[in-house]
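See below for the structure under consideration.
Note on naming: letters A, B, ... go to the chains in the order of the sequence lines (proteins, then strands), and numbering restarts at 1 for each one.
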Amino acid sequence: MPELPEVETVRRGLEPVLAGQRIARAEVRRPDLRWPFPPGLAARLTGARVLALRRRSKYLLADLDGGDTLIAHLGMSGRMLVSGATLGAFHHPHPAPARHDHVVLDMDGGARVTFNDARRFGAMDLWPTADLGRHRLLAGLGPEPLGNEFAGATLHARMTGRFTPVKAVLLDQRVVAGLGNIYVCEALWRARISPLRLAGDVTAAEADTLAAAVRAVLLDAIAAGGSSLKDYRQADGELGYFQHSFAVYGREGAPCPRADGGTVARVVQSGRSSFFCPACQH
DNA sequence: CGATGCCCCTGAGAGC
DNA sequence: TGCTCTCAGGGGCATC
């Protein structure tokens, strides 16, 4: 679930549960995920009130009233499960602790948020809110693709002179923050640009098209509640459904949705699958 | 500095 | 049923 649209969907699901609420009890069930948790994490969370829940790139940021921000990354398999709250038409009682439930936050009022992460590529840290820009995981991030700093011109500037595939540049979080494999593939398809093209060969006009495609696919995906691969669910128990709108991702061998006679192909670039239509992406 | 692999970890699904 | 193999939405880090 962990590209920008999925993280934003998680943020929206958690916001009513966390924002303005106090953490009555925090439980940390193992000492680390990708990295060790900060010392005394459970104690430092207990009693804190969540002022706001924000997102930067693929990071969730929970600002606490003590002056720190809880930084959370979902990695590849991280999930935030909500229970003990009535959301929509459903009431979710607390389930028994499950395998890979690593951090549990019990809020005043009875809601519980459980961070479950099977592969443990996720991470959590605490950092002064006023100094977040200097956190090692946040300091180097490029512009938000849905913000004003991201445009064709800035993207083009970051691609000129680079002898690496455009696919790799879009995945580089220093160039633009929040894209992952799915939405890079989909944006390149929308822009009719092959993932194999060298970044330095992308023209200014194509960069404009590409930046617009990135924005459009992210907005469409957010509107759909993100993409649900495997059995991922949003915090409220609903499935995202943007996976039904994939043009190329995971569709090797299928006809291109443009009905241009092309068949979706898969190539491996820097260890990851790229899906594209050779007929319309050049 | 830029580009390329490797690696962290578990689970699902395919093939035999 | 059970084994082995491949692959997976990320990204830091070592190496050339």
Rounded to the nearest Å, what distance is computed from the [atom1] atom of residue [X] to the [atom2] atom of nucleotide [N]?
X	N	atom1	atom2	answer
A:Q269	C:dG11	CD	P	17 Å
A:F163	B:dG2	CZ	P	13 Å
A:F121	B:dG11	CZ	C1'	11 Å
A:R79	C:dA8	CZ	P	17 Å
A:R30	B:dC8	CZ	C1'	12 Å
A:K167	C:dG11	NZ	P	13 Å
A:M76	B:dG11	CE	C1'	12 Å
A:D117	C:dG9	CG	P	15 Å

Please tabulate the protein-to-nucleotide N/O contacts below 3.5 Å involving nucleotides 12-16 of chain C, giving atom names and distances.
{"unit_1": "C:dG12", "atom_1": "O4'", "unit_2": "A:R34", "atom_2": "NH2", "d": "3.0"}

Under 4.0 Å between any heavy atoms, over every strand shown, what does [X] touch: base, sugar-phosphate, or nothing? Just pick one.
X	value
A:R174	nothing
A:T164	sugar-phosphate
A:Y249	sugar-phosphate

What residue pairs, at least two apart or across chains, pass side chain to side chain donor-acceptor pair (under 3.5 Å) with a residue in residues 192-205 of chain A?
A:R197-A:E206, A:T203-A:E206
Are there over 12 heavy-atom neighbours, none belonging to [X], within less than 6.0 Å of that residue's [atom1]?
X	atom1	answer
A:N148	CG	no
A:R30	CZ	yes
A:R134	CZ	no

Pick the P atom in C:dT6 and in B:dC6, then give their distance to the nearest Å.
14 Å
Rounded distance in Å between the P positions of C:dC7 and B:dG5
16 Å
Please determine whether a side-chain nitrogen or oxygen atom of A:H100 lies at a distance below 4.0 Å from atom OP1 or OP2 of B:dC9.
no
Report yes if at least one side-chain N or O of A:R162 is closer than 4.0 Å to OP1 or OP2 of B:dG2; otherwise report no.
no
Pair of N/O donor and acceptor under 3.5 Å linking B:dC9 base with A:R119 side chain:
yes
DNA chain B: 5'-proximal contact among A:R120 and A:G271 (nearest heavy atom)
A:G271
Closest nucleotide among [options] to the [X] side chain:
X	options	answer
A:E6	C:dC7, C:dG9, C:dG11	C:dG9
A:E3	B:dC8, B:dT4, C:dG9	C:dG9
A:A118	C:dC7, B:dG11, B:dT4	B:dG11

[X] bridged to [Y] by N-O distance under 4.0 Å:
X	Y	result
A:E8	A:R11	yes
A:R190	A:E186	no
A:R56	A:E144	yes
A:R54	A:D63	yes

Between the main-chain N or O of A:V104 and the side-chain N or O of A:E27, is there a donor-acceptor pair closer than 3.5 Å?
no
Watson-Crick or G-U pairs under 3.5 Å in DNA chain C, rendered as dot-bracket with [ ] for crossing pairs and | for another strand:
.|||||||.|||||||
Verdict with supporting geometry, A:D172 and A:R162, side chain to side chain contact (heavy atoms under 4.5 Å, CB included):
CA-CA 13 Å; A:D172 186 341; A:R162 292 193 62 177; 4.0 Å; yes
